Number of protein chains: 2
Amino acid sequence: MNMNATLSALAEPNRLHIVELLRDGPLPVGDIADRLHLQQPQVSKHLRVLHDAGLVGMQPAANRRIYKLETRPLQELDAWLGSFRRVWEDRFDQLEDYLQELQSKAKKPDGD
Amino acid sequence: MNMNATLSALAEPNRLHIVELLRDGPLPVGDIADRLHLQQPQVSKHLRVLHDAGLVGMQPAANRRIYKLETRPLQELDAWLGSFRRVWEDRFDQLEDYLQELQSKAKKPDGD
DNA sequence: AGGGAATATTCCTGTAAAGGAATGGCTGAA
DNA sequence: TTCAGCCATTCCTTTACAGGAATATTCCCT
């Protein structure tokens, strides 16, 4: 959807942790709460945010709700980052920085 | 440094916009304020956050301060996303597996 | 139908953060 | 030295959000 939702959702440490947890496979709410040492209600609330952001999907299984990672938003984030890759792959900028750094250091070889 | 700072900084629309603006090259504060239709103080405050997160660097030039994009945090974010690439490249439906596993475990203890 | 387990929701409170307005600090020029 | 432009900081107010505790809901089992 919009990347703002994705970034906002991931900007919370516990939610980021949940996403990392789900990277290895789907989990029910209770397991997440266990592994992250969180209260169940907080986990449910975080999952709601992640779900609204499209970052997780849910499938009921009997008593429980199994949450799984949804990769679309991450792929979009990846695509967005892609537009910056050319920046850090561009040698010009870094070369310039490097030369300037070299120059200042060259003036005081022993310096500190 | 820590990705939390990066994500938090980018989770604000105006800051995200600033970063996108700087992707095309360094800019002084006033220009950023102009192009984003923001007040100068707000821009300075956002730049401070971005700077604290390591997302931008600054170089004074006479009267002005030229801000430029710093790509390290974005590269780290990219690396983090890399650990998820295998997930969306994976064609197996892990949820299905998990549900089947659940089902077989549920049947065992009491029989049927 | 009743009970228990797993999960979602609500209410409350504290805190962090964003925007607006005003101000302070530098820098170059006359 | 004084002025003017550019930028950073502070104060204030409002809003959003996270955690805790309690409660509602849904499902399975007997």
Side-chain angles (χ1 to χ4, degrees), chain A residues 2 4-19 21-22 26-68, chain B residues 2 4-19 21-22 26-68 95 98-112:
Chain A
N2 65 345
N4 188 1
T6 304
L7 290 168
S8 296
L10 296 178
E12 211 283 331
N14 290 319
R15 283 197 293 263
L16 187 69
H17 208 159
I18 290 179
V19 166
L21 215 52
L22 294 181
L27 284 177
V29 178
D31 284 24
I32 299 176
D34 266 9
R35 304 204 196 185
L36 268 61
H37 305 287
L38 293 175
Q39 311 272 49
Q40 172 267 317
Q42 328 303 334
V43 172
S44 282
K45 283 187 275 190
H46 283 311
L47 283 171
R48 178 168 166 75
V49 175
L50 290 171
H51 185 265
D52 287 351
L55 276 161
V56 303
M58 188 269 282
Q59 172 160 352
N63 224 357
R64 304 183 273 190
R65 315 247 176 138
I66 314 298
Y67 282 86
K68 65 167 282 202
Chain B
N2 67 343
N4 188 1
T6 303
L7 290 168
S8 296
L10 296 178
E12 211 282 332
N14 290 318
R15 283 197 293 264
L16 187 69
H17 208 158
I18 290 178
V19 166
L21 215 54
L22 294 181
L27 284 177
V29 177
D31 285 23
I32 299 176
D34 266 8
R35 304 204 196 185
L36 269 60
H37 305 285
L38 293 174
Q39 311 271 48
Q40 172 267 315
Q42 327 304 335
V43 173
S44 282
K45 282 187 275 190
H46 284 311
L47 284 170
R48 180 168 165 74
V49 175
L50 290 171
H51 185 266
D52 287 351
L55 277 161
V56 302
M58 190 270 282
Q59 173 161 352
N63 223 357
R64 305 184 273 189
R65 315 247 176 137
I66 313 296
Y67 281 85
K68 64 168 280 200
L95 178 58
Y98 183 78
L99 290 181
Q100 278 210 336
E101 193 176 355
L102 258 191
Q103 211 167 16
S104 18
K105 279 183 185 171
K107 282 188 179 178
K108 278 190 180 175
D110 277 33
D112 179 24

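Throughout, protein chains are lettered first and strands after them, A, B, ... in sequence-line order, and every chain is numbered starting at 1. These figures come from a predicted structure and were not determined experimentally.
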inquiry  = Please tell me if B:His51 has a side-chain N or O lying less than 4.0 Å from either OP1 or OP2 of D:dA8.
reply    = no
request  = Send over the distance from B:Gln42 CD to D:dT10 P, rounded to a whole Å.
outcome  = 15 Å
message = By the definition side-chain contact (heavy atoms from CB on, under 4.5 Å), identify the one residue from A:Leu21, A:Leu50, A:Leu47 that meets it with A:Tyr67.
response = A:Leu47
ask   = With respect to the side chain of B:Lys45, which nucleotide from C:dT10, C:dG20, C:dA8 is positioned closest?
value = C:dG20
inquiry  = Rounding to an integer number of Å, can you tell me how far B:Arg65 CZ sits from C:dT27 P?
reply    = 8 Å
inquiry  = I want to confirm an ordering. Mapping B:Arg15 and A:Pro41 to their closest nucleotides on DNA chain C, which one lands closer to the 5' end?
reply    = A:Pro41
task = For A:Arg35 and A:Leu27, run side chain to side chain contact (heavy atoms under 4.5 Å, CB included): C-alpha distance rounded to whole Å, both residues' side-chain angles, the deciding distance at 0.1 Å, then the answer.
result = CA-CA 11 Å; A:Arg35 304 204 196 185; A:Leu27 284 177; 3.6 Å; yes
Given C:dA6, C:dG19, C:dA8, the nucleotide with the shortest approach to the side chain of A:Arg64 = C:dA6
request  = Please determine, for the side chain of B:Glu12, which listed nucleotide (C:dA18, D:dG19, C:dA6) has the closest atom?
outcome  = C:dA18
key: For the student: nearest non-hydrogen atoms of B:Ala9 and B:Leu55, plus distance   = CB-CD1, 3.8 Å
inquiry  = If you only use heavy atoms from C-beta on, which nucleotide in D:dG20, D:dT9, D:dC28 is closest to the side chain of A:Ala62?
reply    = D:dC28
query = For A:Leu38 and D:dA18, what is the distance between atoms CG and P respectively, to the nearest whole Å?
reply = 12 Å
query = Under 4.0 Å between a side-chain N or O of A:Asn63 and OP1 or OP2 of C:dG4?
reply = no
note = Heavy-atom closest pair (B:Pro26 atom, B:Ile66 atom, distance to 0.1 Å) is CB-CG2, 3.6 Å
ask   = To the nearest Å, how far apart are B:Leu7 CG and C:dA17 P?
value = 15 Å
query = Has the side chain of A:Gln40 got a donor or acceptor that lies under 3.5 Å from a partner of the other kind on the base of C:dA8?
reply = yes
Between D:dG19 (P) and A:Leu47 (CG): distance, integer Å = 12 Å
Pair of N/O donor and acceptor under 3.5 Å linking C:dG19 base with B:Gln39 side chain = no
query = When the distance from CD of A:Gln59 to C1' of C:dA6 is rounded to whole Å, what number comes out?
reply = 16 Å
A:His46 vs D:dG19: side-chain N/O to OP1/OP2 distance below 4.0 Å = yes
key: side-chain N/O B:Tyr67 vs D:dA8 OP1/OP2, d < 4.0 Å   = yes
message = Whole angstroms only, please: what is the CG-P distance between A:Leu50 and D:dA18?
response = 10 Å
inquiry  = Which residue in the set A:His51, A:Arg15, A:His17 passes side-chain hydrogen bond (donor to acceptor under 3.5 Å, both in side chains) when paired with A:His46?
reply    = A:Arg15
ask   = Counting any heavy atom closer than 4.0 Å, what does B:Pro28 reach on the DNA or RNA strands: base, sugar-phosphate only, or nothing?
value = sugar-phosphate
query = Roughly how many Å is it from NE2 in A:His37 to P in D:dA18, rounded to a whole number?
reply = 21 Å
